[in-house]
Amino acid sequence: MPLDIHQAADHLSISVGGYLYGTRRGVDFCRVCTTPVIPPYAYCKACNDINHSASLKSMPLADMVLPLVYIDDEPQSKLLMHGYKGDQVGPEPQWELLLSVALMADLGLLIHRNCIESTLSPLTALSFVPSTRGRLDQPIKRIANLMSKESGLPVIEAKYIGPQPSTRGYSPTHYEILPGAVDPTHVLLIDDTWTTGGSAQSVATLLKLSGSQVVTVLVIGRWLRSSWPPSADFILNQMKQKPYTPFDCPVSGTGSCP
Amino acid sequence: MGTLKGQELVYLIAMLGLPDTKSSPFDLRTQIGEMGGISNVWESQGEASLFVDELRNEELRRTEALLALWKQQGYEVTSYLDQRYPDQLRSIHEMPLVIWTKGKLISDKNAVSVVGTRNPDKWALQYVDALVDGIASQNITIVSGLAEGIDTRAHEAALKRELRTVAILGNGLDTTYPKSNVLLQEQIADSGLLLSQFKPDFKPTKYSFPMRNATMSGYSSVSVIIQAGEHSGTRIQGRVAVGHGRSVILSSQVAKSTEWGAALTEKPGVFVARNVDEAIELAIRYSTRVPDELSALLPQLV
């Protein structure tokens with residue numbers, strides 16, 4: 001039975017809408033990752049650093065990054081992003097948290113596929129940012145498989161091959177793309193959280209070096225640190241005015257799609 | 001997930017009781033996750049000084065003795081790492097690391113909190129009776145906090161209709177608060193469940209009741225707030241429930257005559273019942289946290 005989008009959206013409004021807040025676009029936000037910035041700066045520090053390292057080596061980065069919500073220091077949103085994969089709540093994922101995260105990603109694609117495709121080009125495949133801790137059957141992989149089934153887009157698998165313990169930075173050589181027969185023209189790369197963007201951008205670069213013309217990153221949560229003054233101000237004064245709903249468009253950053 | 005090895009439960013309870021454990025339960029849970037288990041955290045905290053070691057050993061001995069006593073008293077002690085721990089509590093950040101229970105600990109997937117003022121009007125007591133009557137045919141557990149007023153009536157109404165009822169206490173299992181509920185507390189233990197996040201000898205404080213409300217919200221799929229004033233402790237339950245991703249049903253009295261109730265109606269998952277029939281309908285609908293069609297996706301995710 002196909003997923004009932006309205007039923008899933010209603011469920012998400014209740015199960016996470018009370019503590020997650022939609023991302024914004026515009027001059028006050030990083031062009032890449034939607035972190036609050038102070039104009040005329042167009043990028044946050046983390047994205048600026050990655051832009052710089054990538055351009056030194058002439059490496060291509062993701063064409064568009066779409067975080068769905070902001071994750072701040074509130075303990076319930078932290079619990080969601082850890083607990084959905086079993087961290088900090090015992091050895092197994094907490095199933096309701098896992099379902100919420102999966103539905104957020106799934107509806108992000110189902111509802112806003114047109115927004116992504118009309119802005120860039122038709123999607124041809126999905127991929128996901130693999131665990132750097134060598135977990136084989138990671139929840140994000142299963143979420144990507146569910147999205148593949150719902151959307152009909154095949155999955156390209158990437159693997160972490162870098163050092164242990166892993167480093168956080170931008171390092172495409174720490175990943176490899178597993179060979180397969182999937183058309184990589186426009187890949188939607190899925191990740192759970194974005195802190196510096198190092199790992200997602202590494203995989204995006206690698207996808208492009210392996211034949212993708214376009215890479216869009218779909219991220220569940222952009223972690224905001226209140227130690228970054230524009231974020232602290234935004235969390236305090238603006239963030240809570242926009243509770244998350246899956247219908248808000250991550251491409252436009254508003255309630256209406258482009 | 002299995003059962004905690006006996007010694008790990010002892011370490012966990014001992015850590016909660018040690019004065020020099022600087023960590024909040026949240027930090028402790030993070031630490032246990034990152035260090036790969038309770039024993040590792042316990043060992044990492046040792047050897048700070050002879051004095052600290054002495055204190056730790058003493059707390060271990062005391063905890064072991066207490067565990068034996070609690071068993072004798074018929075209390076079950078369950079940690080968040082145990083299979084028997086109510087899974088829904090693991091989806092809220094205030095999940096108690098340890099719970100003490102008396103009665104029958106089962107999963108209670110469809111639980112409805114019925115809460116409100118300690119000094120209810122007659123209409124509110126009738127509202128409770130009608131609400132419990134209206135949902136009695138469903139397989140729903142009535143959760144409340146064993147306080148005077150609405151809570152007491154909710155438990156009594158459930159018992160009268162042989163519905164399962166769970167009392168979540170703001171004190172330890174050894175204490176009854178208010179005293180007038182001694183008999184009710186026993187009846188709930190006999191046919192339902194008493195659950196406390198506090199050690200059995202813990203006496204209630206003004207901080208323990210709000211903590212208990214967070215646990216009640218997490219334990220239940222939906223909270224129904226029937227009558228409450230502007231400064232009622234019940235307002236905390238409405239607020240935390242929204243922050244947990246739980247639905248909330250407010251009676252029109254609460255939505256109209258309190259500022260916090262009016263503000264809550266703007267939040268996702270908060271519904272105002274114009275009358276008790278609407279409250280019954282909403283409570284039944286939202287007693288299932290996740291619609292069956294959506295939980296059917298789970299086999300693909302785990």
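Just so we're on the same page: letters track the sequence lines, and every chain starts at 1.
- With values rounded to the nearest 0.5 angstrom, A:L79 atom CG is found 10.0 Å from B:R90 atom CZ.
- Considering every non-hydrogen atom in both B:P268 and A:G17, the closest pair reads CG-O, 3.3 Å.
- Annotation: A:N237, atom CG; neighbour count of heavy atoms from other residues, nucleotides and ligands within 6.0 Å is above 12.
- Taking A:L99, A:L97, A:L80 one by one and counting their heavy-atom pairs under 4.5 Å with chain B, the maximum is reached by A:L99.
- No donor-acceptor pair under 3.5 Å is formed between the side chain of B:E293 and the backbone N or O of A:D4.
- Distance check: A:Q88 CD to B:D27 CG gives 9.5 Å after rounding to the nearest 0.5 Å.
- Within 6.0 Å of CD on B:E230 lie more than 12 heavy atoms contributed by other residues, nucleotides or ligands.
- Of the atoms belonging to A:A102, it is side-chain heavy atoms, and not backbone ones, that fall under 4.5 Å from chain B.
- Contacts of B:I32 with chain A are absent, with no heavy-atom separation under 4.5 Å from either backbone or side chain.
- The shortest non-hydrogen separation linking A:L98 to B:L301 is CD2-O, 3.6 Å.
- Taking 4.5 Å as the limit, every side-chain heavy atom of A:K78 sits out of range of all side-chain heavy atoms of B:H93.
- The shortest side-chain heavy-atom distance between B:S295 and A:W95 falls under the 4.5 Å cut-off.
- Between the NE2 atom in A:H11 and the OG1 atom in B:T288 there is a gap of 11.5 Å [rounded to 0.5 Å].
- The closest side-chain heavy-atom distance from B:Q300 to A:N145 is not below 4.5 Å.
- The shortest non-hydrogen separation linking A:I14 to B:G269 is CG1-CA, 3.7 Å.
- Listed by chain and number, the residues in a ring pair (Phe, Tyr, Trp, His ring centres under 6.0 Å) with B:Y85 amount to none (sequence neighbours excluded).
- A:K242 NZ: more than 12 foreign heavy atoms inside a 6.0 Å radius.
- Between A:E96 and B:R289 the shortest side-chain heavy-atom distance falls below 4.5 Å.
- Contacts between A:P75 and chain B at a heavy-atom distance below 4.5 Å involve backbone atoms as well as side-chain atoms.
- Remark: A:Q94 CD to B:I92 CD1 distance equals 10.5 Å, nearest 0.5 Å.
- The shortest distance between side-chain heavy atoms of A:L3 and B:L294 falls below 4.5 Å.
- In this structure, B:R239 has no salt bridge (Lys or Arg N to Asp or Glu O under 4.0 Å) partners at least two apart in sequence or on a different chain.
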> How far apart are the C-alpha atoms of A:L103 and B:L297, what are their side-chain angles, what is the distance that settles it, and do they pass the side chain to side chain contact (heavy atoms under 4.5 Å, CB included) test?
Replying inline: CA-CA 10 Å; A:L103 288 175; B:L297 295 172; 3.8 Å; yes

